[in-house]
Each structure stands twice: as structure tokens, then as C-alpha cells.
Amino acid sequence: MRYYIIAGEASGDLHAANLVHAIKKIQPGATFRGIGGDLMNAEGVTLIKHYRETAFMGFLEVILNLRKILGFIELVKSDLDAWKPEAIILVDYPGFNLRIAAYARQQKLKVFYYISPQVWAWKASRVKKIKRDVDQLFVILPFEKEFYKKWNYDVTFVGHPLLDAMSRFTHEPLNLSSAKPVVALLPGSRKQEIATMLPLMLQMIAHFREVQFVVAAVNSIEEGFYRDLTADSGVQILFNKTYPLLAHAQAALVTSGTATLEAALFNVPEVVCYKGNALSFWIGKQLVDVKYISLVNLVLDRPLVKELIQQELTIENLRAELQKLLYDEACRSAILNGYHALRQQLGGAGASAKTAELIVKATLVN
């Protein structure tokens, strides 16, 4: 069985790799091809492009790189025609993947979508396209099933795949000082967001000399890029060690995204940070209708963790919030109690295995 699989960023690479691993357990002879990252490649996926070439953050950045993005779409279409898979698996990355879904439907391929596009936040009209082009949609957030029900679309809630990754995690020693509390810096996985967020986070060093700040770096970005940003700060950089770092951390500064949930599942009190291109942010505000930007607050439907967005992301605000996370026991306790409730809502581990079983079963049906 040939599966074409597309993931457009680091979190998608992680979840897609786990899904590929689960499918191969059921179908040892299955082969995979598509767009993704190092984790997918390690699971045997033949990559026609690495996601670091296709990931753009923000509305303005997408517009400025539209020709390149359209070129990638045409490349995938041609590759689909040449390789002729039996099914295509799309992982998040909606702007790109929904276009591919429409083409795959025209070619009469079975289309599976793992990790729903966030149509509940913006462009709810996209549900019509998803219903038309996707055979099965697997959602990972508990409120998404109810959202799609309003559109008379039956989707499958499989639980959150981060719980799978967590269940396989084994504690790993790191070369960190035991005399100083650790604050993890998770500035994102794209160059654009890292270049914006990491310098802001690093300014906390001057305010917390008693703390060791450690950057969680991703393998898809070259080491020199991080070294240039950290310069003479003395901060330690760890590549591909996000989970071991979180296991050691007393607090975290996290760029919005999947990492907000990862920190929560490791019981690390966090401040969620976001600052993007002003025009992109303004456009986004006109289009996106959500109360929160972090997955933690979205799932709980309340502001458990502090979100510092755009103008609110100042050095003084960030310093004050980090001070609370490190030294205010009432604040820490409230957050940790909220994390327990969050874990209960996300369900148990097994999302990858459940999704794999349903995909394999569907592909075997003529």
C-alpha cells in the first residue's frame, strides 16, 4: 500500500511520524512519500521537500511567498500523478493541504485528514470543502467533534497525539546546573518566529541572574542561526531535546503553538508569547475568532496560562509573569491544578494507533 503524507511544520512532522510508525505496525509493507521533516524521514518516508522549505508564518509572509507556495503545490500534484498512491494523508497545514485534498479528490484518491484545520477559529466555510474532499477527518481536540456536528459532519475524535509522544518519553539526563532553577525557552520552529521571539526571551537573563535559561532548538534550523541570535548571552542551546528540557524545567517561555500544550503536559508553568508582523497580525485579528491563542486555554475554555500578545509582550510584562511562575506558589499551584483538568479532557494515549487502524481499514475497502 502506498501512502502519500504531507506535514508542513515541526509538530506535524512529529505526529505524522508517529502515525506512519503505527500504520507500518499494521501494514509492514506500506510505503510512504511526501513532505515532512526529519522524524518522518527516520520512519522511512521519502521526502520530496523538507517542511523547512515550505513553512511560512503570518498572512503577509504567505502573500510575499505565494509564488513559491504555488510552485510547491504544483510539485506535489505532479508527484502524485507519477507515484500513484492508493491514499493521501494530510496532517494539519490547512492552506496547503486543503488545495491538495481538492486535487486528490479529482484523482479519485482516498483522502484522510489527521489533525483538523482550525476552521472553528476562522473560515468556518471551509467545512464545506472538507466535507466534499475528505473521506475521513480525525480530530484531536475534544470540542472539535461538537463543532463539526453543527455542520452535520461526522468526524472521529481520536485523542491528542502528544499523549502518545509523552507515553514513550524516558527521562534523559542533561548537562545542567543543579544549583539553579531551569527556565526553558521555546521560541518556535520557524526562522521567522524564532528571530522575533528568542531575542525578547533572552532579555530575561538580566532580570533573573539566579536562573539558567536554556533554548529548545529544532534540528531543522542550522546551529549558526541560533548562535547569531544568542551571541554573548551565555545561554545554553539544546537541539532536539525539548522533552528532556521540559522534564527539568521549573518554568517556560513558549511561543504560541503546540509547544504550549507540551509544556502543560510536562507540568511546567508557562507564559505564552506571540509577536508577529504588525500587518499580518492586524489581518489575522479581522479573520480569526478565538478567545485565546494557546491550546491550553482553548481546551479549558478559560485563561489558565498568561498570554502576552503583540503590544502586551513587553520586557516588563514578561519579567513580572516569569517572577510569578518561579516564586508565587499560589500561582504555580493554580496552574498545575489546571493542567490536571486539561489532561483529563484530552483523553488517553493511543491517537496514533486509533487513527492508523481506521485508515488501514478504510484503504482496504474498495
Side-chain angles (χ1 to χ4, degrees), residues 9-11 52 55 57-58 61 174-260 262-264 266 268-278 280-281 293-294 305-328 331-332:
E9 56 189 359
S11 61
R52 63 172 163 259
M57 181 185 72
E61 289 74 16
L174 297 176
N175 185 26
L176 302 173
S177 169
S178 59
K180 290 184 174 183
V182 174
V183 173
L185 304 181
L186 280 64
S189 60
R190 303 182 182 98
K191 279 189 173 182
Q192 291 165 265
E193 60 188 356
I194 297 168
T196 300
M197 301 308 306
L198 186 52
L200 286 168
M201 294 176 175
L202 290 174
Q203 291 191 52
M204 290 301 99
I205 295 174
H207 298 280
F208 296 89
R209 294 296 185 184
E210 76 283 10
V211 169
Q212 55 184 323
F213 291 87
V214 185
V215 178
V218 294
N219 285 348
S220 58
I221 307 293
E222 60 273 16
E223 184 176 352
F225 181 77
Y226 288 99
R227 296 295 176 196
D228 289 343
L229 291 173
T230 55
D232 299 324
S233 67
V235 70
Q236 189 170 349
I237 303 171
L238 296 178
F239 280 86
N240 200 33
K241 300 288 185 184
T242 299
Y243 286 7
L245 174 57
L246 287 172
H248 284 83
Q250 279 70 51
L253 306 181
V254 186
T255 297
S256 62
T258 303
T260 64
E262 291 175 317
F266 272 94
V268 181
E270 64 186 296
V271 181
V272 179
C273 311
Y274 179 83
K275 182 173 283 189
N277 175 279
S280 286
F281 184 76
I293 65 167
S294 71
V305 297
K306 184 67 175 180
E307 299 180 352
L308 296 177
I309 308 169
Q310 289 298 100
Q311 295 91 338
E312 293 180 353
L313 183 54
T314 65
I315 300 306
E316 183 53 36
N317 286 345
L318 193 55
R319 185 204 64 77
E321 293 303 326
L322 182 55
Q323 180 81 18
K324 292 179 191 176
L325 295 188
L326 288 170
Y327 305 115
D328 186 333
C331 174
R332 289 181 62 86

Let's go through K275 and I309 carefully: what are the C-alpha distance in whole Å and the side-chain angles of both, what is the deciding distance for side-chain contact (heavy atoms from CB on, under 4.5 Å) to 0.1 Å, and is it a yes or a no? CA-CA 6 Å; K275 182 173 283 189; I309 308 169; over 6 Å; no
Can you sort out the partners of Y243 under ring pair (Phe, Tyr, Trp, His ring centres under 6.0 Å), two or more places apart, ordered by chain and number?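 If we apply the ring pair (Phe, Tyr, Trp, His ring centres under 6.0 Å) test to Y243, skipping adjacent residues, the hits are F266.
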Residues which pass side chain to side chain donor-acceptor pair (under 3.5 Å) with D328, listed by chain and number, not counting sequence neighbours: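 Applying side chain to side chain donor-acceptor pair (under 3.5 Å) to D328 gives none.
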List in chain and number order the residues that pass side chain to side chain donor-acceptor pair (under 3.5 Å) with Q250, two or more places apart in sequence or in another chain; answer none if no residue qualifies.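 In terms of side chain to side chain donor-acceptor pair (under 3.5 Å), with neighbours along the sequence ignored, Q250 is linked to no residue.
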Sequence neighbours excluded, every pair satisfying side-chain hydrogen bond (donor to acceptor under 3.5 Å, both in side chains) that has a member inside residues 211-229: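 Every pair satisfying side-chain hydrogen bond (donor to acceptor under 3.5 Å, both in side chains) with a residue in residues 211-229: Y51-S220, K191-E222, E223-R227.
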Looking at every heavy atom in both [X] and [Y], which two are closest together, and how far apart are they?
{"X": "M204", "Y": "L253", "answer": "CG-CD1, 3.9 Å"}
{"X": "L325", "Y": "R332", "answer": "O-NH1, 2.8 Å"}
{"X": "V305", "Y": "S294", "answer": "CG2-OG, 3.8 Å"}
{"X": "F239", "Y": "I221", "answer": "CE2-O, 3.5 Å"}

Considering residues at least two apart in sequence or located in another chain, which fulfil the side chain to side chain contact (heavy atoms under 4.5 Å, CB included) criterion with [X]?
{"X": "S233", "answer": "L202, I205, T230, V235"}
{"X": "S189", "answer": "A10, E193, V218"}
{"X": "P199", "answer": "L229"}
{"X": "A249", "answer": "V182, A184, V268"}

For a 4.5 angstrom cut-off between non-hydrogen side-chain atoms, does [X] reach [Y]?
{"X": "T260", "Y": "E270", "result": "yes"}
{"X": "L318", "Y": "C273", "result": "yes"}
{"X": "V272", "Y": "L308", "result": "no"}
{"X": "I315", "Y": "L200", "result": "yes"}
{"X": "H248", "Y": "L174", "result": "yes"}

Selection residues 238-251 - residue pairs positive for salt bridge (charged side-chain N to carboxylate O under 4.0 Å, His left out), sequence neighbours left out: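 Listed once each, the pairs are E172-K241.
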Partners of E210 by salt bridge (Lys or Arg N to Asp or Glu O under 4.0 Å), sequence neighbours excluded?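 Here no residue qualifies.
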List the residues meeting salt bridge (Lys or Arg N to Asp or Glu O under 4.0 Å) with E321, not counting sequence neighbours, and say none if there are none.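 Applying salt bridge (Lys or Arg N to Asp or Glu O under 4.0 Å) to E321 gives K324.
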Please list all pairs meeting ring-ring contact (aromatic ring centres under 6.0 Å, His included) that have one or both residues in residues 185-208, counting only residues at least two apart or in different chains.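 Pairs touching residues 185-208 that pass the test: none.
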Assess the residue pair T255 and M201 against the criterion (side-chain contact (heavy atoms from CB on, under 4.5 Å)); give the C-alpha distance rounded to whole Å, side-chain angles, the decisive distance to 0.1 Å, and a yes or no. CA-CA 10 Å; T255 297; M201 294 176 175; 3.6 Å; yes
What distance separates L186 CG from E262 CD, expressed to the nearest 0.5 Å?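 Here the interatomic distance stands at 7.5 Å.
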Given the rule in the side-chain contact (heavy atoms from CB on, under 4.5 Å) test, do V214 and L185 qualify, once you have shown the distances and angles that lead to the verdict? CA-CA 6 Å; V214 185; L185 304 181; over 6 Å; no
Check the pair V215, L238 against side-chain contact (heavy atoms from CB on, under 4.5 Å), reporting the backbone distance first and the verdict last. CA-CA 6 Å; V215 178; L238 296 178; over 6 Å; no
Sub-3.5 Å donor-acceptor pair from the side chain of E307 to the main-chain atoms of I293, do we have one?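 Yes; judged by distance alone, with no hydrogens or angles, the pair exists.
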